[in-house]
Amino acid sequence: FAMTGWRIGLTWTSEEVATKMGALQSHSTSNPATPSQLAALEALTNRERADAEVEKMRGIFRRRRDLVTSLLQERLPELSFVQPEGAFFLFFRIDGTYGGDIRNSQDWCRFILKEAGVAVVPGAAFGDDRYARLSFATSDEALTQAVERMAAALESR
């Protein structure tokens, strides 16, 4: 239900897997806040409304994904990516732009934050230092500005 940041989840799995997931989760997080629990309950019990909102969100995220990927292809064609089919973030390959003070994804993201004012996450945090991650869970205007500023920062190097 795209409750980003609310830190609540649900699984439908076997008892064996659920037990193992519970053991892992109990050592890494605490219980979700009451408002998060109430929101999740509403999403699960008012299915007609929830399903309509989910479809609306899917369309919005599809449009934003298409916007970001077309902007990257146009303004930063050297950054390759695989078009996501179910996420609200894009992993794009950045190692072809390494050089000088930029030796890894952390350096690259630090440069983009400092020079373009755009926060992206180093791929090293996800196990692949050749990539960065950009969320497209924001407005079309913010996404357009972000890609434009990233392109300008990289062009100025």
Side-chain angles (χ1 to χ4, degrees), residues 1-13 21 25 28-29 32-99 102 104-157:
F1 298 104
M3 296 173 64
T4 308
W6 289 58
R7 303 299 182 237
I8 194 162
L10 167 71
T11 183
W12 188 285
T13 188
M21 290 171 69
Q25 182 274 332
S28 60
T29 63
T34 301
S36 299
Q37 293 179 47
L38 293 172
L41 180 62
E42 180 65 17
L44 292 168
T45 57
N46 191 346
R47 292 307 303 258
E48 188 175 314
R49 181 175 176 205
D51 289 346
E53 290 298 319
V54 166
E55 281 307 307
K56 188 169 135 184
M57 284 186 292
R58 283 172 44 134
I60 291 167
F61 283 121
R62 186 178 302 112
R63 186 191 74 245
R64 290 176 181 164
R65 177 207 61 198
D66 293 346
L67 173 64
V68 168
T69 56
S70 68
L71 287 168
L72 280 179
Q73 289 169 336
E74 178 186 324
R75 295 290 287 130
L76 293 162
E78 67 276 16
L79 304 181
S80 62
F81 58 88
V82 174
Q83 184 153 314
E85 294 186 26
F88 54 84
F89 47 82
L90 177 72
F91 283 94
F92 52 97
R93 190 159 180 177
I94 58 173
D95 61 329
T97 64
Y98 291 175
I102 300 176
N104 55 47
S105 63
Q106 236 176 333
D107 293 342
W108 195 92
C109 292
R110 191 176 300 116
F111 169 81
I112 291 297
L113 181 59
K114 182 180 176 192
E115 299 300 322
V118 177
V120 290
V121 181
F126 305 99
D128 197 333
D129 203 36
R130 301 171 300 166
Y131 288 82
R133 184 183 86 167
L134 172 71
S135 169
F136 49 86
T138 189
S139 70
D140 293 6
E141 181 183 356
L143 293 169
T144 301
Q145 289 177 8
V147 174
E148 290 297 329
R149 291 194 318 243
M150 286 170 43
L154 290 168
E155 288 166 3
S156 73
R157 283 185 65 217

Only distances under 3.5 Å count here; give the side-chain donor-acceptor pairs of residues 118-128 to other protein atoms, sequence neighbours excluded, each with its distance to 0.1 Å.
from : atom 1 : to   : atom 2 : distance (Å)
D128 : OD1    : R130 : N      : 3.1
D128 : OD1    : R130 : NE     : 2.8
D128 : OD2    : R130 : NE     : 3.4
D128 : OD2    : R130 : NH2    : 2.7

query: Looking at residues at least two apart in the chain, or sitting in another chain, which of them share a side-chain contact (heavy atoms from CB on, under 4.5 Å) with A43?
result: F1

query: Can you check whether R58 reaches V54 side chain to side chain, under 4.5 Å on heavy atoms?
result: yes

field: Side-chain touch R63/D140, heavy atoms, less than 4.5 angstrom
entry: yes

- request: Evaluate the side-chain proximity of E115 to L154: yes if any heavy-atom separation is below 4.5 Å, no if none is.
  value: no

field: D66 backbone acceptor or donor facing S70 side chain under 3.5 Å
entry: yes

- request: Look up atom OG1 in T97 and atom CE in M150, then write down how far apart they are to the nearest 0.5 Å.
  value: 9.0 Å

- request: Could you check R49 against N46 for side chain to side chain contact (heavy atoms under 4.5 Å, CB included), going step by step and ending with a plain yes or no?
  value: CA-CA 6 Å; R49 181 175 176 205; N46 191 346; 3.5 Å; yes

Reported CD1-to-CD distance for the pair I60 and E55, which is rounded to 0.5 angstrom: 11.5 Å

query: CD1 of I94 to CD1 of I102: how many Å apart, nearest 0.5 Å?
result: 8.5 Å

- prompt: Is there a ring pair (Phe, Tyr, Trp, His ring centres under 6.0 Å) between F88 and F136 once you walk through the steps?
  reply: CA-CA 6 Å; F88 54 84; F136 49 86; 7.2 Å; no

- request: Side-chain contact test, heavy atoms from C-beta onward, threshold under 4.5 Å: evaluate it for L134 versus F89 and give yes or no.
  value: no

field: Within-4.5 Å side-chain heavy-atom neighbours: D129 and D95
entry: no

- prompt: Are there more than 12 heavy atoms of other residues, nucleotides or ligands under 6.0 Å from atom CD of Q83?
  reply: yes

- prompt: Roughly how far, to the nearest 0.5 Å, is NZ of K114 from SG of C109?
  reply: 15.0 Å

statement: Closest non-hydrogen atoms of I8 and S36, given as atom of the first, atom of the second and distance, are CD1-O, 3.6 Å

query: At their closest point, which heavy atom of Y98 faces which heavy atom of N104, and how far apart are they?
result: OH-C, 3.3 Å

field: Interatomic spacing from CZ in R64 to OG in S135 - rounded to 0.5 Å
entry: 8.5 Å

query: Salt bridge check: are R75 and E155 linked by an N-O gap of less than 4.0 Å?
result: yes

Any side-chain heavy-atom pair of T11 and M21 under 4.5 Å: yes

- prompt: Does the side chain of Q73 reach to within under 4.5 Å of the side chain of F81, using non-hydrogen atoms?
  reply: yes

message: So R157 and F111, do their side chains get closer than 4.5 Å, heavy atoms only?
response: yes

- line: d(L143 CG, T138 OG1) to nearest 0.5 Å is 5.5 Å

field: Sub-6.0 Å ring centroid separation between F91 and Y131
entry: no

Derivation and outcome, side chain to side chain contact (heavy atoms under 4.5 Å, CB included), residues R149 and Q145: CA-CA 6 Å; R149 291 194 318 243; Q145 289 177 8; 3.6 Å; yes

- request: Would you name the heavy atoms of P84 and L90 that are closest together and state the gap between them?
  value: CD-CD1, 3.4 Å

